Structure formats: C-alpha cells, structure tokens
**Student:** 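For reference, the structure I am asking about is given below.
On a predicted model such as this, the values are computed, not experimentally measured, just so you know.
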Amino acid sequence: PAEGETLGVDVHYNTDVVVEVESSAQSWIHFVAVRALTSGKLEFSFDANPDPEERTGKVTVKDKNGKVSPITLNFVQEEGLVIRFGEINEIPYYGGEYAIQTMYNTLPLVEVDEAAQSWIKLVQVRSLNNGQILLSFEENGSEQPRSGKVLVKDYNGKIEPITITLVQEGISESIIKEKAALAAFYEAMGGQNWKDNTNWLSDKPLRKWFGVGADDKGHVKYISFWGNGLKGYLPKEIGDLTELEELSLSGEYSSTSGYRPIPEEIGNLKKLKNLTLQGLSFSGTLP
C-alpha cells in the first residue's frame, strides 16, 4: 500500500540466506530480519510513497554458498496520494481572481480560514489532476499588507491537511497619493457635513467611498456628487487624481468663503472627459 507497512515473505530454506535490496530501491525498501532458521519469513519494511506514481523495487535472495540459483522478489507499491502546489506569489493590493497551480491525485477540499473570509473567497477547484484552486480577493484598502490562511484537505482523509498562507500587498504609492487627494477634497468641500460620506477617510477601497468610482487596480475614475451638501472649494490636490475621467459636482455657494478660483492643477487631469461644476463657489478659467 501507498502508506507503507512491514511485510513478511514466507520462505523455506536449508542453507545460509543473503538478502540484497537493489540500490535504486534502498531508500524505501528495508530488509529487517530473517525470522526462524528454516521455514520462516523474510521481513521487510516499506516507507510511504510520496509520489503520485506507483513504484517498483527488486530484492534478490541468494544462497550464501552459491549452490542455489538466486530468487528475485518484485515489490510494487501503490501510488501515493498527494496534493502539491506551485509557486504562490504575493497577491496585488487591488485583488481579483487568482489561480493557485496544484497537482493532486485525490479530491481536495478547500476551506478559507474564518478570519480571512471577508476578503478571500473560493471560486472553484478546476480539473482532476494538475489543476487550479481559483480564489477571489477583495481589494486591500490599507497601506499595510495582510495575510490569510487557506486549508486544503484530502476528501478521503488519507493526507494531512495542508495550510497555505496567502499574502496581499498594501496599496501602492500612487493609490496612497490619490487617497490623500480625496482626503483634501473631503476637507475642502465640508465632508463632515455631507448627507452621505460613507467610508470616506476609511481603509475601505476607494471604490467603496460614496460617490467615487475606481478601476480594477483601484485608481479613481470618477467623482460624482449631486444634492449631497457640498460646500467649499476645490483643493489643488485634485490634480493628483491623474486617472480621473469624470468630475461631476453639484453643491451650494458658500457665503463665508466667497468665490474661490479653480486650481490650475486641474490641468493635470489629462484623461478628464466630463466636467460638471454646478452651484458651487468656483470662479476663474480652466487651463
């Protein structure tokens, strides 16, 4: 069996016996002893097979005096049950679906550790052999990396469970800069008094901040506020949102600050396609 065992081979002899294990099998077949002087057993121990293919090994039983022809014993060991993984890279901060390359000849059961279930989801296990474990990852809104564990078990319980530790990187420097630009926008436009400021200034991904849209890599693509109580001015940091395609703002004139010029840094938004500034305290020209 693949698990290995100790096995006795019945033998009858009336001469001195010499037992030799071929060199290629000496790592897993071990001759233990001759039990009884005559009509006894040759005892062997076999290590577990760590590979997904069966293996064979030869043992030669000889007469020490060379008067009897040698006898060859052929041992065949079943294939081992294995679950192995390819190289597991760090998951990018923006998440998405990623496949862990696997090789297995048993049915794997995959469980995401409870502590990581909020950001790691099992999508599917693909293929019977040499397949993939497909997982999806939520975007990491924090600057700090995070790690989560996935437990892989053998459906038949013949293999010890394997724990995979997955690491997701923190947000990139460019996203940190965009996050800071949104924080400046929040302060300049009276964010604490908005009707809805869900997730603003939090560690949630930017796409989960109310009124903000982001692409798959976390870059801010649009900011859209209508009737949300915006009041204030546009900060110069707005120009750091270099992936921005739409800026649609509707708010109220602020009599306390009067009209404030549109910052020239808005000219850094080379990808901007739609711009709406309605009812706000803005003045001046667009570059």
**Student:** Can you tell me if E173 has over 12 outside heavy atoms packed within less than 6.0 Å of its CD?
**Tutor:** no
**Student:** With distance as the sole criterion, is a donor-acceptor pair present between the side chains of Q144 and S142 under 3.5 Å?
**Tutor:** no
**Student:** Heavy atoms only: give me the nearest G251-L280 pair and the separation to one decimal.
**Tutor:**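 Reported closest heavy-atom pair: CA-CD2, 3.5 Å.
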**Student:** Less than 4.5 Å apart, side chain to side chain, heavy atoms only: is that true for V152 and L109?
**Tutor:**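 No, side chains not in contact.
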**Student:** Given 3.5 Å as the limit, does a donor-acceptor pair link the side chain of Q168 with the main chain of R146, or not?
**Tutor:**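 No, Q168 side chain to R146 backbone: no donor-acceptor pair under 3.5 Å.
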**Student:** For S174, which of K217, E243, H219 qualifies under side chain to side chain contact (heavy atoms under 4.5 Å, CB included)?
**Tutor:**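 Looking at K217, E243, H219, the match for S174 under the side chain to side chain contact (heavy atoms under 4.5 Å, CB included) is H219.
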**Student:** Do I159 and L151 share a hydrophobic cluster, counting only Ile, Leu, Val, Met, Phe, Trp and Tyr and linking them when any side-chain heavy atoms are less than 4.5 Å apart?
**Tutor:**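 No, because I159 and L151 fall into different hydrophobic clusters, even though each may have its own neighbours under 4.5 Å.
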**Student:** Determine whether V123 and E97 make a side-chain contact, defined as any pair of heavy atoms from C-beta on separated by less than 4.5 Å.
**Tutor:** yes
**Student:** With a 6.0 Å cut-off (strictly less than), is the heavy-atom count around CG of D216, excluding the residue itself, greater than 12?
**Tutor:** no
**Student:** Are D203 and K179 within salt-bridge range, i.e. N to O under 4.0 Å?
**Tutor:**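 Result for this pair is yes, salt bridge flagged.
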**Student:** Centre-to-centre under 6.0 Å for F44 and F75, is that the case here?
**Tutor:** yes
**Student:** How far does OH of Y93 sit from CD1 of I171, to the nearest 0.5 angstrom?
**Tutor:**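 The OH atom of Y93 sits 8.0 Å away from the CD1 atom of I171.
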**Student:** Indicate yes or no for a side-chain donor-acceptor contact from Q117 to the backbone of V112 under 3.5 Å, with no hydrogens or angles considered.
**Tutor:** yes
**Student:** If we count only N and O atoms by modelled type, under 3.5 Å, do the side chains of T198 and D196 hold a donor and an acceptor together?
**Tutor:**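 Short answer, yes.
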**Student:** Can E245 and K221 be counted as an ion pair, charged N to O under 4.0 angstrom?
**Tutor:**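 Result for this pair is yes, salt bridge flagged.
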**Student:** More than 12 non-hydrogen atoms from neighbouring residues, nucleotides or ligands closer than 6.0 Å to CD on Q26, yes or no?
**Tutor:** yes
**Student:** May I have the step-by-step check of side-chain contact (heavy atoms from CB on, under 4.5 Å) for F185 and Y233, ending in yes or no?
**Tutor:** CA-CA 8 Å; F185 176 84; Y233 63 95; over 6 Å; no
**Student:** If hydrophobic clusters are built by linking Ile, Leu, Val, Met, Phe, Trp and Tyr wherever their side-chain heavy atoms come under 4.5 Å apart, do Y98 and V167 end up in the same one?
**Tutor:** no
**Student:** Would you call E143-K177 a salt bridge at under 4.0 Å N-O?
**Tutor:** no
**Student:** Work out which heavy atom in P108 is nearest to a heavy atom in V125; give both atom names and the distance.
**Tutor:**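 The pair with the smallest heavy-atom distance is CG-CG1, 4.0 Å.
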**Student:** What's the verdict on side-chain hydrogen bond (donor to acceptor under 3.5 Å, both in side chains) for S248 and E246, showing C-alpha distance, side-chain angles and the deciding distance?
**Tutor:** CA-CA 6 Å; S248 296; E246 177 180 346; 2.8 Å; yes
**Student:** Which pair of heavy atoms, one from P161 and one from K153, lies closest together, and at what distance?
**Tutor:** CB-CG, 4.1 Å
**Student:** Set out, in order, the CA-CA distance, both residues' side-chain angles and the distance that settles side-chain contact (heavy atoms from CB on, under 4.5 Å) for N199 and V212, then state yes or no.
**Tutor:** CA-CA 10 Å; N199 292 331; V212 176; over 6 Å; no
**Student:** I262 pairs by side chain to side chain contact (heavy atoms under 4.5 Å, CB included) with which of I238, T285, L275, L277?
**Tutor:** L277
**Student:** Could you walk me through whether Y94 and F137 pass the ring-ring contact (aromatic ring centres under 6.0 Å, His included) test, one step at a time?
**Tutor:** CA-CA 8 Å; Y94 48 83; F137 298 83; over 10 Å; no
**Student:** Examine distances only and state if a side-chain atom of K158 and a backbone atom of D154 form a donor-acceptor pair shorter than 3.5 Å.
**Tutor:** no
**Student:** Stepwise, does the side-chain contact (heavy atoms from CB on, under 4.5 Å) test hold for V150 with T163?
**Tutor:** CA-CA 6 Å; V150 174; T163 299; over 6 Å; no
**Student:** Applying a strict under-4.5 Å side-chain criterion to I, L, V, M, F, W and Y, I'd like to know whether F46 and V76 cluster together.
**Tutor:**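 No: no chain of side-chain contacts under 4.5 Å links F46 to V76.
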**Student:** Under 3.5 Å, side chain of N49 to main-chain N/O of E78, donor-acceptor pair present?
**Tutor:**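 Judged by distance alone, yes, a pair lies under 3.5 Å.
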**Student:** Looking only at heavy atoms, what is the nearest atom pair of A181 and L241, with distance?
**Tutor:**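 Result for this residue pair: CB-CD2, 3.8 Å.
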**Student:** Is it the case that one hydrophobic cluster holds both F282 and I266, taking links as side-chain heavy atoms less than 4.5 Å apart, direct or via other members?
**Tutor:** yes
**Student:** Take K58 and E22 through the side-chain contact (heavy atoms from CB on, under 4.5 Å) test and state the conclusion after the steps.
**Tutor:** CA-CA 6 Å; K58 293 181 179 180; E22 68 176 341; 3.6 Å; yes
**Student:** Which pair of heavy atoms, one from D47 and one from R55, lies closest together, and at what distance?
**Tutor:**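 Between these two residues, the closest heavy atoms are O-NH2, 3.4 Å.
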**Student:** Has the side chain of D63 got a donor or acceptor atom that lies under 3.5 Å from a matching backbone atom of N65?
**Tutor:**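 Checking the backbone N and O of N65 against the side chain of D63, a donor-acceptor pair under 3.5 Å is found.
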**Student:** Is there a continuous path of hydrophobic side-chain contacts, each under 4.5 Å between heavy atoms, that joins L122 to I162?
**Tutor:**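 In one cluster: yes.
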**Student:** Which residue is it: W200, W226, W209, F210? I am looking for the one with a ring pair (Phe, Tyr, Trp, His ring centres under 6.0 Å) to W194.
**Tutor:**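 Single pass found, and it is W200.
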**Student:** Quick one: closest heavy-atom pair of P52 and R84, and the distance?
**Tutor:**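 That closest heavy-atom pairing would be CD-NH1, 4.2 Å.
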**Student:** If you count every heavy atom of other residues, nucleotides or ligands that lies below 6.0 Å from K149 atom NZ, does the total exceed 12?
**Tutor:**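 Atom NZ in K149 is not crowded, with 12 or fewer foreign heavy atoms closer than 6.0 Å.
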